[in-house]
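Down below is the structure, laid out as structure tokens.
Throughout, residue positions are numbered sequentially from 1 according to the sequence presented.
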Amino acid sequence: MNERELAVLRDTFSAFLSHHGAPCPEADRLVELLSPCCRERLDFREVCENLYDGIHIADGEGRVLFINSAYTRTTGIRPEEVLGRKVADIEAEGKLYKGSVTALVLEKKTRVNSVATIFRLNKEVLVTGTPVMDEKGEIRLVVTNTRDFPELKRLEQRLLALTEESKKANEELSYLRMQQAGNKRLIYRSPAMAAVMETIKRIAPTDVTVLITGESGTGKELVAGEIYQNSDRQGRPFIKVNCAAIPAELLESELFGYEPGAFTGARKAGKAGMFELADTGIILLDEIGDMPLALQTKLLRVLQQRELMRIGGTKPVKLDIRVIASTNKNLKEEVRQGRFREDLYYRLNVVPVELKPLRERREDIPYLASHFCETFNKKYGKQVQISPDGMALILEYRWPGNIRELENLVERMVVTCPGNIITRSQVFSSLDLDGLCIGAETSGDLPLKQRVAAYEREIILQTLEQNGSLRKAAAALGVDHSTLVKKCQRYGLETGKLVGENIHHRGD
């Protein structure tokens, strides 16, 4: 490469880098670093031929010195049509193009952006002309970058489409995270739940590990959702894993992921585990008491070092994660039985949150029942209410399935209710009789004779509501009218209010 070509190379790089926002001295530095051997091998034509932009170089008089193949591709103008000719003469012919930027650069002695029209292809191109000055401040070269307008439009439209897709993806991701976090809210009035909520407010902004315990259906997942919603990680991933629902042989790969080819049937690209998916966010390990002992050791490492090792992996994966665990088991007893690691128990039990069963916080029951009734009214387009007698019976039930059972019961009654009032008899027929605990905290507190009497009372109430009169109710129960009257008196049932004031008017 001779000195002239080397100078052109430097000037071309200088103009090109300047156009793209890089400092011009980089071009000189690049050329200076070239060894004599490299100078012989490096050809500015070869460099320009590998640029995506169309390159058009003219001297200080506007005479075309060089065009690359990208320029020909963009404009359809071949080298033999322009090389050695002045751009002013070419434009004056009115055959190839209109709007030459080289003439404007020579006139203004500064960079110029313009739009040129290519007659041959009947299209417009975006042109940027950059002057290259000599030591005297005169223009020595004009380097022009040419871009295809349709291509720019296509790229712009593609960018807009990608931006829109990204926006939709972010909205969907936000929605899914909200769904994962849960859109249900905690409904409570009891002091026990008020104390739980006070604890949540204190611990949510921190990254402390939380262990939520309580019977099945007490709302452990809702409490985890409250912690997430009030934490500094809200809006980031919230991954829930039910350790009891995933087979033990698959749980390790689901939690910790695996490298390509780690085992037969593994994906060729490998797979990230739940912990990696939850990175920067929160992971809820539900039913942690059912996690196999072998995996408990691996989980302990995650909690201690905030890193994991994929199956088949050789390098640890760093994690920025908060862990919440929940269980309906007594983990202390599980530790004594050797089914749960003691060191893992203490790692998880940094802040314990215990949820009382519904039978021990009966203040919450009517508010929960009313809330569920309103929710399912909206869902099914109904206007159903629970009668006071029906609500009283709901309060007498011991709710072995806790909030989940109450929610399912209310949904069933709203859907099947023939009118707008859920009566006591409808509640009674929907409940599990073994769960009734009339007059006592649990059905086990009542002697058999009293339990039978409680059931008999409810059956009479239900039959009276269904039949509307004492005589019809007695016939339905297969007893004498006088027997039924005596039983009503024994159980303190006000039959007039139960089946209507007109009962007595009908001679019953």
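A salt bridge links Glu411 and Lys379; the closest N-O separation between the charged side-chain nitrogens and carboxylate oxygens is under 4.0 Å. One finds no salt bridge joining Arg189 and Glu363 here, because no Lys/Arg side-chain nitrogen approaches an Asp/Glu carboxylate oxygen to under 4.0 Å. Ion pairing between a basic and an acidic side chain is recognised when a charged N comes within 4.0 Å of a carboxylate O; Glu360 and Arg398 show no such pairing. The pair Glu333-Arg336 meets the salt-bridge criterion, since a charged nitrogen lies less than 4.0 angstrom from a carboxylate oxygen. Classification of Arg236 and Asp279 as a salt-bridged pair fails, no side-chain N sitting under 4.0 Å from a carboxylate O. We find that Glu259 and Lys271 are not joined by a salt bridge, their nearest charged nitrogen and carboxylate oxygen being 4.0 Å or further apart.
Checked against a 6.0 Å centroid threshold, the rings of Phe256 and Phe275 count as neighbours.
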**Message:** Between Gln383 and Asn420, is the side chain to side chain donor-acceptor pair (under 3.5 Å) condition met? List the steps.
**Reply:** CA-CA 6 Å; Gln383 294 181 341; Asn420 292 331; 5.3 Å; no

**Item:** Derivation of the side chain to side chain contact (heavy atoms under 4.5 Å, CB included) call for Thr297 and Leu344
**Value:** CA-CA 8 Å; Thr297 303; Leu344 177 59; over 6 Å; no

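Judged by the 6.0 Å and 45° rule, Arg73 forms a cation-pi pair with Tyr52.
Side-chain polar atoms of Ser190 and Asp364 form a donor-acceptor pair below 3.5 angstrom.
In this structure, Leu126 CG and Asn113 CG are separated by 6.5 Å, a value rounded to the nearest 0.5 Å.
Looking at Glu307 and Val317, their side chains never come closer than 4.5 Å, going by heavy atoms from C-beta outward.
Formation of a donor-acceptor pair under 3.5 Å by the Gln234 side chain with backbone atoms of Tyr228 is not found in this model.
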